[in-house]
Amino acid sequence: MYRSHTCGQLNASFIGQEVRLSGWVQKIRNLGGMTFIDLRDRYGITQLAFNDGTDEALLLKARKLGREYVISIIGEVLERENKNPKMSTGEIEIKVTKLDILNASLTPPFTIEEESDGGEELRMKYRYLDLRREPVKKNIMLRHKVAQAARAFLNSADFLEIETPYLIKSTPEGARDFVVPSRMNEGQFYALPQSPQTFKQLLMVSGYDRYYQIVRCFRDEDLRADRQPEFTQIDCEMAFVEQADILSTFEKFVKSLLKEIKGVEVENFPVLTYAEAMEQYGNDKPDIRFEMKLNQINNLVQNNGFQVFDDAETVLAISVENCASYTRKQLDAITNWVKRPQIGMNGLIWSKYNEDGSFKSSVDKFYTEEEQALWHQQCGSKPGDLILVLAGAETKTRKAMSELRLYMAEELGLRKADEYAPLWVVDFPLLEWDEESGRFHAMHHPFTSPKLEDFALLDTDPGKVRANAYDIVLNGNEIGGGSIRIHDRAVQSRMFEVLGFSPEEAKAQFGFLMDAFEYGAPPHGGIAFGFDRLVALLGGSETIRDFIAFPKNNSGRDLMINSPSPIDSEQLKELGIALEQKVK
Ligand code: ASP
């Protein structure tokens with residue numbers, strides 16, 4: 001027996017008891033006659049004390065210990081002289097009578113503390129040590145808790161947890177597949193799933209009318225910051241449902257998580273159409289913790305001789321609360337920010353609605369105070385507010401304004417980590433035009449049903465067709481998305497046709513699904529949540545890496561096991577891959 005208690009368990013009620021604890025040496029302090037050791041395990045830290053009266057040999061052994069040694073001790077729980085109310089074990093310490101060293105440790109390459117002195121790379125390389133740190137441990141435990149809460153909700157709502165295969169054939173969801181060569185079928189490959197999409201739909205055909213899975217998905221995308229090539233979804237599907245059923249089920253789901261994990265109750269989620277979200281926020285995943293909506297003010301500013309506005313397709317304004325007092329320097333800083341290549345605007349125009357009711361702008365030469373008053377009126381400003389205006393081509397300007405809105409909110413502390421503002425965005429376009437390939441792509445995926453009332457538009461104006469698709473957005477992040485599916489062979493064939501598949505291609509890739517639709521496929525739909533991002537947000541962070549036990553870095557590498565890596569020529573030969581692997 002290594003332990004009678006954990007290092008986070010003991011308090012004053014245990015005083016006088018003999019206990020046995022095991023764990024890692026967090027810290028050793030030799031203070032004259034006294035030696036203190038902080039002993040750490042997953043549950044907490046307990047102070048071990050060796051005093052003058054301690055047996056000489058025992059004391060020598062204790063003093064030899066180094067950081068991160070694994071030890072096991074027996075001792076008596078004593079009341080501590082200097083209590084630490086911040087620690088669960090802060091009332092007590094252990095007077096050690098026996099000490100076993102279970103294993104020594106090299107000096108760790110970085111400090112195992114709340115704030116480590118180790119850089120990102122080093123911590124990734126020694127991830128098993130980084131995982132010992134309290135903040136990382138907290139994240140991993142939160143992840144467990146969220147997974148359990150998700151399961152509990154879905155189980156109680158009659159969902160069945162069903163596994164689907166990892167070695168499949170590609171599902172086109174907009175990214176490249178990771179492929180796995182098949183040794184037994186030379187020259188042939190499996191693909192790792194980008195999601196279990198087709199399988200969960202087949203489960204609906206099979207009659208398992210509520211399915212879920214907390215499942216790994218794989219996408220070989222060009223890595224952007226904070227994307228992982230493998231990530232986890234809470235994947236769900238339901239049969240005999242319409243959009244409203246899915247929205248109501250998963251609204252309850254998200255509410256239950258927020259309640260269970262954060263103790264917060266949220267109101268019913270607003271529902272915005274994609275068109276509304278773009279108009280009001282310039283963004284299909286708006287952060288609605290704060291207002292600052294976009295206002296198109298072309299009607300108020302154009303044909304006035306001010307070239308920048310006159311020439312612009314769009315003139316957009318936001319009203320920033322209580323910022324009329326911004327100095328020239330502050331305004332210049334915002335102007336420089338919008339001129340950064342990532343935002344790419346030529347400049348910024350501002351107008352202040354001063355507390356005394358007067359107006360002052362960067363374009364006073366062109367617009368009177370009365371005219372500026374109208375801008376402020378349209379934006380709903382009050383005295384003390386500042387209007388920021390961007391002008392230019394519609395798509396670019398709207399996107400830039402959406403970024404500026406977030407930037408200002410960040411500056412003003414309006415993006416509070418402990419505030420949760422979920423919403424639904426619905427009625428996405430079904431298709432998006434891809435310049436490169438010169439054809440339409442499915443915006444969500446090819447199994448998404450068009451809105452019935454838009455179906456005829458598929459023939460005449462496919463770009464206008466809306467999808468029966470929805471996203472759930474939390475604090476400016478898409479945390480989940482899904483759709484009502486096509487469950488009719490003819491409609492699915494038509495969809496593949498619109499997407500530029502020949503009937504042969506469609507049959508070769510998705511014949512199994514279309515065949516299944518001919519054996520009594522019920523109406524169905526579903527949703528998948530990005531589990532990593534959801535956990536990160538619930539942990540008050542936007543960095544998903546910190547919430548994954550063994551993540552990959554921004555170049556998709558696992559620095560600890562050093563992967564990906566070349567494989568030897570024997571292995572390649574066996575797989576029938578005649579590739580001369582370049583050895584770096
Ligand atoms: N399979 C979709 C995705 O991964 C989600 C869904 O439509 O349910 O985004």
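Atoms within a ligand are numbered from 1 in the order they appear, just like the ligands themselves. Note that the structure is a prediction, hence the values are computed from the model and not measured.
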- Determine whether the aromatic ring centres of Phe550 and Tyr128 lie less than 6.0 Å apart. no
- Task: Please check if the distance between the ring centroids of Phe231 and Phe531 is under 6.0 Å.
- Result: no
Show me which atoms of ligand 1 lie under 4.0 Å from any heavy atom of [X].
X: Gly482; value: 6 (C), 7 (O)
X: Gly481; value: 5 (C), 6 (C), 8 (O)
X: Arg219; value: 3 (C), 4 (O)
X: Gln233; value: 3 (C), 4 (O)
X: Ser195; value: 1 (N), 4 (O)

- Taking N or O atoms only and a 3.5 Å limit, does Arg485 qualify as a polar contact for ligand 1? yes
- Give the single entry among His445, Gln197, Lys200, His444 that approaches atom 9 (O) of ligand 1 most closely by any heavy atom. His444
Closer than 4.0 angstrom, basic N to acidic O: yes or no for [X] and [Y]?
X: Asp287; Y: Arg405; answer: no
X: Glu230; Y: Lys552; answer: yes
X: Glu251; Y: Lys255; answer: yes

- Message: Does atom NZ (Lys451) have a neighbourhood of more than 12 heavy atoms from anything else shown, all under 6.0 Å?
- Response: yes
- Quick look: Ile527 vs ligand 1, heavy-atom contacts under 4.0 Å, and the answer is backbone
- Which is it for Phe510 and Phe496 under the ring-ring contact (aromatic ring centres under 6.0 Å, His included) test, yes or no, and what are the steps along the way? CA-CA 9 Å; Phe510 300 108; Phe496 285 131; 4.9 Å; yes
- Would you call Glu478 a ligand 1 contact, heavy-atom distance under 4.0 Å? no
